[in-house]
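Notes follow once the structure below has been shown.
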Amino acid sequence: PRASLQSIPEEGEPVLDICLATVDKKQSLRRHMTARLLLVALIVSNGFSISKAAAAFDGLPALSLGSATSDRLVNTGDSKIYQLQVQAGDHLILSLDSTSLRDANELYVRFNDIPSVTMYDFTARTANQPDQFLEIPNTKSGTYCVMARVARSNDSSSAFTLRSFTLATIPALAFGV
């Protein structure tokens, strides 16, 4: 059978075989597919099939709704990735609070996949700001992957706190006397 770019391998079928068949049939796709083949070859050589590659984010640290996670970003370009389970129809709120007043941080979010600076569903990139805030007004049921990234580091090592809330888990304001 001929493979095409729309072909989806069956569970457990190696991705590399499908991609090679596509490239062999379409000479003009060779350059376009080279980077993908290198990634696929790496995935397959490490024993991953389509189902394992798609679930690769399962080992990421988990964020819990209504709680905070603290971590560090050291150098420009450093990032940390987390996973967050949500229900359909939630209003998700993410905030990144940095101890640095001079870093430029960013948040990237992607549903059921690892985000990057070029591949994401939602982003918070307020220019030259250490703290970021992001809202997803109507979530899908499943896993959102959240990447905190320092676009420009001006401090040697900046700690940050990442918080995730829905309207149901956001803390109530306490008014003091």
Side-chain angles (χ1 to χ4, degrees), residues 15 35-36 38-174:
V15 182
R36 182 170 180 219
L38 290 174
L39 174 62
V40 169
L42 177 63
I43 290 169
V44 173
S45 70
N46 285 313
F48 285 96
S49 65
I50 269 290
S51 60
K52 291 181 186 175
F57 60 83
D58 286 344
L60 295 174
L63 293 175
S64 297
L65 288 171
S67 64
T69 298
S70 296
D71 214 328
R72 294 193 171 280
L73 296 170
V74 180
N75 300 309
T76 296
D78 283 357
S79 62
K80 303 285 182 165
I81 302 175
Y82 306 89
Q83 65 172 312
L84 177 63
Q85 297 291 324
V86 296
Q87 298 175 0
D90 279 342
H91 186 115
L92 181 62
I93 302 163
L94 297 166
S95 70
L96 184 142
D97 255 338
S98 177
T99 58
S100 170
L101 298 177
R102 304 178 320 158
D103 284 354
N105 293 319
E106 301 169 334
L107 279 176
Y108 296 90
V109 178
R110 197 161 179 202
F111 181 72
N112 274 345
D113 208 348
I114 304 287
S116 71
V117 296
T118 58
M119 301 282 292
Y120 55 86
D121 297 325
F122 303 92
T123 185
R125 301 181 290 191
T126 305
N128 301 314
Q129 295 297 311
D131 299 337
Q132 297 292 335
F133 181 82
L134 181 113
E135 287 186 77
I136 302 173
N138 191 18
T139 59
K140 299 175 188 175
S141 180
T143 303
Y144 282 85
C145 292
V146 179
M147 179 173 73
R149 179 180 182 269
V150 61
R152 188 191 70 245
S153 178
N154 291 312
D155 292 329
S156 60
S157 178
S158 298
F160 68 88
T161 302
L162 185 59
R163 292 179 176 85
S164 58
F165 303 102
T166 62
L167 294 179
T169 64
I170 198 161
L173 293 175

Open item on the list: I'd like to check Ile93 versus Leu167 (side-chain heavy atoms, cut-off strictly below 4.5 Å). Are they in contact?
Closed with: yes
- [ ] Quick one: pull up OG in Ser164 and CG in Leu65 and give me the separation to the nearest 0.5 Å.
- [x] 5.0 Å
Task: salt bridge (Lys or Arg N to Asp or Glu O under 4.0 Å) partners for Asp78, two or more places apart - done: none
- [ ] With side chain to side chain contact (heavy atoms under 4.5 Å, CB included) as the test, would you mind laying out the steps for Thr139 and Thr166 before giving the verdict?
- [x] CA-CA 10 Å; Thr139 59; Thr166 62; over 6 Å; no
TODO: Sequence neighbours left out, what passes side-chain hydrogen bond (donor to acceptor under 3.5 Å, both in side chains) with Asp131? Give chain and number order.
DONE: none
TODO: Looking only at non-hydrogen atoms, find the nearest pair between Pro130 and Asn105 and report the distance.
DONE: O-ND2, 2.8 Å
Open item on the list: What's the separation between atom CG in Leu60 and atom CD1 in Ile114, rounded to the nearest 0.5 Å?
Closed with: 4.5 Å
TODO: Walk me through it: do Ser158 and Asp103 pass the test side-chain hydrogen bond (donor to acceptor under 3.5 Å, both in side chains)?
DONE: CA-CA 8 Å; Ser158 298; Asp103 284 354; 2.6 Å; yes
Open item on the list: Run the side-chain hydrogen bond (donor to acceptor under 3.5 Å, both in side chains) test against Ser67 and tell me which residues pass, sequence neighbours left out.
Closed with: none
- [ ] Considering non-hydrogen atoms only, spot the tightest contact between Met147 and Pro115 and give its length.
- [x] CB-CG, 3.7 Å
Open item on the list: The criterion is salt bridge (Lys or Arg N to Asp or Glu O under 4.0 Å); which residues satisfy it with Asp71, sequence neighbours excluded?
Closed with: Lys80
Open item on the list: Just verifying a value: how many Å separate Leu73 CG and Ser100 OG, rounded to the nearest 0.5 Å?
Closed with: 10.5 Å
Open item on the list: Applying salt bridge (charged side-chain N to carboxylate O under 4.0 Å, His left out) as the test, list every pair that has at least one member in residues 61-70; sequence neighbours left out.
Closed with: none
Open item on the list: Restricting to non-hydrogen atoms, name the atom on Phe165 and the atom on Gly66 that form the minimum distance, rounded to 0.1 Å.
Closed with: CD2-CA, 3.7 Å
Open item on the list: Would the distance check show the side chain of Thr99 and the main-chain N or O of Ala159 forming a donor-acceptor pair, the cut-off being under 3.5 Å?
Closed with: yes
Open item on the list: Taking Glu106 first and then Arg125, would you say they form a salt bridge - that is, a charged N and a carboxylate O separated by under 4.0 Å?
Closed with: no
- [ ] Could I get the full list of side chain to side chain contact (heavy atoms under 4.5 Å, CB included) partners for Thr76, not counting sequence neighbours?
- [x] Ser153
Task: Residues that Gln129 engages under side-chain hydrogen bond (donor to acceptor under 3.5 Å, both in side chains), provided they are two or more places apart - done: none
Open item on the list: Check whether Asp121 reaches the backbone of Arg110 with its side chain - one donor and one acceptor, N or O, closer than 3.5 Å.
Closed with: no
Open item on the list: Counting C-beta onward and ignoring hydrogens, is there a side-chain heavy-atom pair between Asp113 and Met119 closer than 4.5 Å?
Closed with: no
Open item on the list: I need the full list of side-chain hydrogen bond (donor to acceptor under 3.5 Å, both in side chains) pairs touching residues 86-97, with sequence neighbours left out, sorted by first then second residue.
Closed with: His91-Glu135, Asp97-Arg163
Task: Thr143 side-chain N/O to Phe111 backbone N/O, donor-acceptor pair under 3.5 Å - done: no
Task: Side-chain heavy atoms of Val109 within contact of Ile136, under 4.5 Å - done: yes
Task: Contact check, side chains of Tyr82 and Leu84, non-hydrogen atoms, under 4.5 Å - done: no
Open item on the list: Can you pull out every ring-ring contact (aromatic ring centres under 6.0 Å, His included) where at least one residue sits in residues 115-143? Sequence neighbours excluded, please.
Closed with: Tyr108-Tyr120
Open item on the list: According to side-chain hydrogen bond (donor to acceptor under 3.5 Å, both in side chains), who are the partners of Tyr144, at least two apart in sequence or on a separate chain?
Closed with: none
Task: Beyond-backbone contact of Leu134 with Leu96, side-chain heavy atoms, under 4.5 angstrom - done: no
